[in-house]
Number of protein chains: 2
Amino acid sequence: MKSHQTTIIDIARELNLSKSTVSRALTGHPNVKQQTREAVLALAEKMEYQRNQMSISLITNKTKTIGIIVPEFVTSFFSQVIIGAQEEARKSDYNVLISQCNEDYNTEVDNAQLMMRNRVDGIIVSLTKETKNFDHLRTFQRRGIPIVFFNRVCEEIMAPKVIVNDYDAAFKAVEHLIKTGKKRIAHLAGPPSLAISRKRQNGYIDALKKHNLPIDEDLIIGYDLNMSKVKIYIKHFMDMDNPPDGLFAINDPTAMEAMQVIKQLGKRIPEDIGVVGFSNDYASQFAEPSLTTVAVPVNEMGKTAVKLLMDMIDKDPADWKLLVKVLDTELIVRNSTVRKA
Amino acid sequence: MKSHQTTIIDIARELNLSKSTVSRALTGHPNVKQQTREAVLALAEKMEYQRNQMSISLITNKTKTIGIIVPEFVTSFFSQVIIGAQEEARKSDYNVLISQCNEDYNTEVDNAQLMMRNRVDGIIVSLTKETKNFDHLRTFQRRGIPIVFFNRVCEEIMAPKVIVNDYDAAFKAVEHLIKTGKKRIAHLAGPPSLAISRKRQNGYIDALKKHNLPIDEDLIIGYDLNMSKVKIYIKHFMDMDNPPDGLFAINDPTAMEAMQVIKQLGKRIPEDIGVVGFSNDYASQFAEPSLTTVAVPVNEMGKTAVKLLMDMIDKDPADWKLLVKVLDTELIVRNSTVRKA
DNA sequence: CTGTTAGCGCTTTCAG
DNA sequence: CTGAAAGCGCTAACAG
């Protein structure tokens, strides 16, 4: 079934003009008589003409589309980054092709190839927790298609990155727990494959060190972000002879799941154990107790990534800058660490 | 900066073959000598050839892309629908162009035109709360591009729709509140522009009627989903001489916001007032008390919408079926209505 | 100011 | 089995 889309030829025929004149009128080229232009625009409007992006892309070798690859879509984090990214892209009249990977490496590779086939002008990427091979991404650079990483960045590929001050934020988060009087703080960390896991863990460790608290390896568990495991680890923690009185979790979903388990075990938050998350997920404000967390400027992260990408598109790869933008975070203190009256 | 993407010509030149033969080998056409095919495929692999979707689209007048237009991205609802939709689309080797509208009508129109320019083969749409004019969507049908609505459907356009049994679900939700002993149940409804608001409200009203409870217009407030207003309305309810002892909210974010306010006012949930939401948002399990809500099969909704769309793509519009798929929901009873021991 | 021509990368006739 | 040629909708270069 061939759908009928109005073409330039349709307009040209109707107005008895050449294709090129119509094209010029439509694209705002100066060399068109005012009267002709008006006639063309009026008819285009009437016939609901929408230029065919395909043919233009074929000529210009530009699709005016950027790809966004994110690891998951369940928590609000990446959705919100995407909102920012999309807003920024729209400013430059760019579209956005979005793919989420269900935290699956093979899906990420598929998505990358899909982007390739669709000849996106650039991509912004946050890796799945599984991604350890980066060939599918290197292909882009090899072809002069720019990449910008955000949040879960790849340290082995030379490309601009947008991250937050993970180390500092973690440091402050843990320091906050310490200031509320906690002395045995556990850390439910992310998989070591992710740089953010390592940085946050380092922040955690250094905060303890600064305050002369012992580093107890038993209190640090790196896990694969598979939420169903949180229960096991938290029970493990709380079953200890000397259970922790504080918990710093790699992200908010983990922290909230942990709080569920802690409450089931009959422990009070924050009295028995204070909890801090990371990312300020949409849900964290509603949790009970509301979750103390590190607010990441998600919207800005998306915007910044796209801005950096836009600076690379149409530039010679030799001129690409290797900026690493570090965005500031803010510790949001809520009831999971400091109970308000 | 022209990025170098491998083309069929590159391969043809290298192998001293004609373009057509290479093309045939690549597309699995039977009339190619086994040996030739293997050589082509091997080289294509080596040169990282990725077919240019643009040129194919130009010829076939098909982009293998479907558009998804959703009103917002903040709550988890639409994200999850998109996950399902994307999975289903991928099965048929279709890509997905996603646009969210920030609940803004003009953005919806823009997004629709963007889809049009990109010649999507079909779209699935959930309307913004503001959308009352549907011309931007009718254009698609006029051109033989199929539309499927989901969740927030348009009743004025003849198109397949995927919805849930809003009336029944609301009825059961309210009946559940009644069974927990509540007799004065308020309803924080959505904007009347949305059919789901009206249906859920009707379910609410009929449940009260069935149980011989009076319909008090003062206990029904339809609002514009602007979350900041929830506080005002809930305070208004609770300030009444005879405040409600139950609340049925149009959706989970509303319910959770309401619970926050109720708790601030020092009222107990569910003892003083039982609360039921709608949609089983990701956050609702973490809320305190955990929120009783109507679980919507979000993933299935996305999948079903795409399936219906796929059945229309490539079919003569005359053969398009006007199915309305009604998916079943499930009432999930949590602590906001029935406190577990 | 307007028309003509060529060609983007690919598939699809039509000829061998 | 393979090649040559036409053309998808549009823009850009070259002529008027």
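Values in this document were obtained by computation on a predicted structure and should not be read as measured data.
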| query | For T27(B), which contact category applies under a 4.0 Å heavy-atom criterion: base, sugar-phosphate, or nothing? | reply | sugar-phosphate
| remark: On DNA chain D, more 5' by nearest nucleotide between S55(B) and T21(B) is T21(B)
| Length of the line joining N31(B):CG and dT11(C):P, which is rounded to integer Å | 15 Å
| note | Note: T63(B) and Q53(B) closest approach over all heavy atoms is O-NE2, 3.5 Å
| Can a donor-acceptor pair under 3.5 Å be found between the side-chain atoms of R119(B) and the base atoms of dG9(D)? | no
| task | Counting heavy atoms from C-beta on, name the nucleotide in dG3(C), dT2(C), dT2(D) closest to the side chain of V32(B). | result | dT2(D)
| query | Taking atom P of dG9(C) as reference, at what distance in whole Å does atom CZ of R51(B) sit? | reply | 16 Å
| message | Within the 4.5 Å heavy-atom criterion, are Q5(A) and Q50(A) side-chain neighbours or not? | response | no
| note | Among dT2(D), dT11(C), dG3(C), the one nearest any side-chain atom of L17(A) is dG3(C)
| field | Presence of donor-acceptor pair under 3.5 Å, side chain of S20(A) and base of dT4(C) | value | yes
| Is M158(A) atom CE crowded by more than 12 heavy atoms from other residues, nucleotides or ligands, each under 6.0 Å away? | no
| message | Can you identify which nucleotide, out of dT11(C), dC14(D), dG9(C), has its nearest atom closest to the I56(B) side chain? | response | dT11(C)
| remark: Sorted by position of nearest nucleotide on DNA chain C, 5' first, the leading residue of M54(B) and P30(A) is P30(A)
| note | Of the candidates dC1(D), dT11(C), dA12(D), the side chain of K33(B) sits closest to dC1(D)
| dC10(C) OP1/OP2 closer than 4.0 Å to side-chain N/O of Y49(B) | yes
| task | Take atom NZ of K46(A) as the centre, draw a 6.0 Å sphere, and report whether it contains more than 12 heavy atoms from other residues, nucleotides or ligands. | result | no
| Which whole-number value in Å describes the distance from R117(A) CZ to dC10(C) P? | 13 Å
| query | Centroid-to-centroid, F73(A) to F73(B), below 6.0 Å? | reply | yes
| Selection from dT11(C), dG9(C), dC1(C) that lies nearest to any side-chain heavy atom of I8(B) | dT11(C)
| message | For the residue pair E108(A) / H136(A), report whether a side-chain donor-acceptor contact shorter than 3.5 Å exists. | response | yes
| query | How many Å lie between CD1 on I9(B) and P on dT11(C), as a whole number? | reply | 12 Å
| query | Could you give the CG-to-P distance, from N16(B) to dT2(D), as a whole number of Å? | reply | 13 Å
| remark: Whole-Å distance, R24(A) CZ to dG3(C) C1', equals 8 Å
| request: Please state how far atom CZ in R13(B) lies from atom P in dC10(C), giving the value in whole angstrom units. | output: 12 Å
| Atom-to-atom span, NZ of K19(B) to P of dG3(D) - whole angstrom | 12 Å
| task | Answer with base, sugar-phosphate or nothing: what part of the nucleic acid does T7(B) contact at a heavy-atom distance below 4.0 Å? | result | sugar-phosphate
| field | L58(B) or L26(A), whichever maps to the more 5' nucleotide of DNA chain D | value | L58(B)
| Touch class at under 4.0 angstrom, heavy-atom based, for N52(B) against every strand present | sugar-phosphate
| query | With a non-hydrogen cut-off below 4.0 angstrom, is T36(A) in contact with a base, only sugar-phosphate, or nothing? | reply | sugar-phosphate
| request: Counting heavy atoms from C-beta on, name the nucleotide in dT2(D), dG3(C), dT11(C) closest to the side chain of S23(B). | output: dT11(C)
